[in-house]
Number of protein chains: 2
Amino acid sequence: MKAGKISELTTNRLSIYLRCLTLLADEDIKTVSSAALAKRFHLNSAQIRKDLAYFGEFGVRGVGYDVDALRDHLIKILGLGRTHRVGIIGAGRLGSALTNYYGGDRSTFEVAALFDVDPLKIGERIEGVEIFDAKHFPSIAKRDNIEVAVIAVPAEAAQDVFEQVTAAGIRAVMNFAPIPLKTIGDVKLKTVDLTTSLEGLAYHLSGAASLNGNNPEPGPTGRRN
Amino acid sequence: MKAGKISELTTNRLSIYLRCLTLLADEDIKTVSSAALAKRFHLNSAQIRKDLAYFGEFGVRGVGYDVDALRDHLIKILGLGRTHRVGIIGAGRLGSALTNYYGGDRSTFEVAALFDVDPLKIGERIEGVEIFDAKHFPSIAKRDNIEVAVIAVPAEAAQDVFEQVTAAGIRAVMNFAPIPLKTIGDVKLKTVDLTTSLEGLAYHLSGAASLNGNNPEPGPTGRRN
DNA sequence: TGATGTGAAGCGGTTCACAGCC
DNA sequence: GGCTGTGAACCGCTTCACATCA
């Protein structure tokens with residue numbers, strides 16, 4: 001157990017471990033060793049142990065980890081014990097898609113409001129979620145207890161939107177705009193670039209990648225942002 | 001110019017550079033230095049130079065890079081000069097969302113077909129794209145020249161689907177199922193985990209993260225899979 | 001015996017700093 | 001003078017290997 005800074009790569013993996021443990025729990029498996037977990041889900045056992053050890057000694061030597069207990073620990077560590085409300089800025093194609101997708105799970109994350117600048121969209125609803133004027137983000141966010149902002153606007157507008165939501169007190173932002181954003185201070189920013197991901201595949205398909213041999217996938221346990 | 005293996009992190013950044021250059025071209029900017037590009041888009045100038053130098057000497061010392069010429073180089077390097085057809089497996093919430101999202105750009109990536117196992121969905125259309133029986137993936141993929149498979153099925157089914165599409169000759173797979181997949185040989189696999197990304201934000205919002213100070217965002221130039 | 005927790009080694013990517021060239 | 005291209009230093013994450021303990 002160490003109190004040092006935890007890498008984002010580690011917390012990403014904790015989230016994955018949690019999902020793997022849930023699958024095991026569904027099968028009524030009570031105990032699992034890091035080696036068994038690794039084998040089953042294509043992970044690395046040493047890394048599992050090290051990741052977990054940052055937060056406590058959850059295992060029993062010679063036995064392994066208690067599945068249910070470890071799940072509870074991870075839920076607590078990740079802060080998933082309560083519902084987080086999400087506001088999505090940009091009610092276009094992507095914003096609608098994300099509303100639709102995240103709309104499925106109301107327990108840990110709940111899309112509370114959409115925002116756009118298009119007067120034709122304001123007042124409409126997507127999946128039951130109302131679209132508000134983006135300039136009212138601060139008041140709506142406060143009223144609805146929105147903690148997470150999702151940016152789903154065109155690249156040109158993303159930095160502005162980011163600064164507006166952080167100015168409104170948001171400390172966790174997920175950016176889907178395909179452009180690097182500059183963050184500040186205490187605000188956590190994650191960028192998911194759906195275009196870059198596809199273009200990486202195109203590179204592999206083009207002749208260039210073949211010249212460089214295969215590209216084995218390290219899996220979602222590997223390096224990310 | 002080196003012929004060695006190119007890291008996926010590098011190709012991801014090339015994709016980002018390409019988008020940044022497009023924005024500059026829209027402003028009729030003809031030449032840009034690595035320092036100017038870095039400043040404008042929150043990148044690292046040394047990294048830009050190093051990334052580009054893997055593929056050639058595109059710059060002019062004392063001047064910088066020609067915007068249009070560099071764009072053309074990147075398009076060629078990434079293999080974006082032609083349309084790639086995409087097949088999405090899983091016509092649920094996520095599959096629909098992705099069809100809707102990727103449906104916008106028909107030039108570089110085109111969603112050619114959807115696949116599902118639900119008899120009620122087979123034969124229907126989403127955004128004009130027909131849903132086929134998943135077991136017909138091999139023949140449809142061949143007929144429609146599908147090169148990229150997008151996995152949008154539940155976690156439990158993802159590994160099976162992956163093996164089926166690779167058996168059908170697909171060499172580029174994008175996985176949205178929140179589970180690590182095991183890949184083999186020459187197949188390029190990218191996993192985008194929309195749940196993990198959100199849960200990382202929850203961690204930051206919970207007390208735990210604050211104990212560890214701020215988490216400055218290195219931007220989408222940083223480490224990924 | 002068997003599996004955890006962890007210092008130490010190893011590895012890959014980023015950043016520095018400067019030689020080389022326009 | 002200014003900026004690229006690049007070896008070298010640096011840094012952080014992963015992997016190894018083993019002491020430790022049920």
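Just so we're on the same page: letters track the sequence lines, and every chain starts at 1.
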Trainee: What integer distance in Å separates A:Lys5:NZ from D:dC13:P?
Mentor: 11 Å
Trainee: Round to the nearest Å and state the distance from A:Arg13 atom CZ to D:dT14 atom C1'.
Mentor: 8 Å
Trainee: Using a cut-off of strictly less than 4.0 Å, decide whether A:Tyr54 has a side-chain nitrogen or oxygen near OP1 or OP2 of D:dC13.
Mentor: no
Trainee: In whole angstroms, how far is the C1' atom of C:dC22 from the CG atom of B:Asp66?
Mentor: 15 Å
Trainee: Please list, by residue number, the residues of residues 23-36 of chain A whose heavy atoms come closer than 4.0 Å to an atom of DNA chain C; answer none if no residue qualifies.
Mentor: A:Ser33, A:Ser34
Trainee: Just by modelled atom types, is the A:Thr183 backbone N or O under 3.5 Å from a matching donor or acceptor in the B:His42 side chain?
Mentor: no
Trainee: Mind jotting down which residue pairs meet the side chain to side chain donor-acceptor pair (under 3.5 Å) criterion with at least one end in residues 158-170 of chain A? Sequence neighbours excluded, please.
Mentor: A:Gln159-A:Glu163
Trainee: Rounded to whole angstroms, how far apart are NE2 on A:His73 and P on C:dG5?
Mentor: 11 Å
Trainee: How many whole angstroms separate atom CZ of A:Phe58 from atom P of C:dT4?
Mentor: 14 Å
Trainee: Would you compute the distance between atom CG of B:Asn100 and atom CG of A:Asn100 and round it to the nearest 0.5 angstrom?
Mentor: 8.5 Å
Trainee: With a 3.5 Å distance limit and no angle check, can you tell me whether B:His204 reaches the backbone of A:Leu189 through a side-chain donor-acceptor pair?
Mentor: no
Trainee: Between protein and nucleotides 15-22 of chain D, map the contacts as a letter string: B base, S sugar-phosphate only, - none, heavy atoms under 4.0 Å, written 5' to 3'.
Mentor: BBB--BBS
Trainee: Quick one: A:Leu37 CG to C:dA3 P, roughly how many Å, whole number?
Mentor: 13 Å
Trainee: Kindly say whether B:Pro178 contributes a backbone atom to a donor-acceptor pair with the side chain of A:Arg19 at under 3.5 angstrom?
Mentor: yes
Trainee: Exactly one of B:Tyr54, B:Phe55, B:Phe58 should register a ring-ring contact (aromatic ring centres under 6.0 Å, His included) with B:His73. Which one does?
Mentor: B:Phe58
Trainee: Grab the CD1-C1' distance between B:Ile6 and C:dT14 for me, whole Å please.
Mentor: 15 Å
Trainee: Got a donor-acceptor contact below 3.5 angstrom from the B:Ser197 side chain to the B:Asp193 backbone?
Mentor: yes
Trainee: Please give, in whole Å, the distance from D:dG5 P to B:Glu57 CD?
Mentor: 6 Å
Trainee: Taking A:Tyr102 for its side chain and B:Leu194 for its backbone only, find out whether a donor-acceptor pair lies under 3.5 Å.
Mentor: yes
Trainee: Can you tell me how far CD of A:Gln47 sits from CG of A:Leu52, rounded to the nearest 0.5 angstrom?
Mentor: 10.5 Å
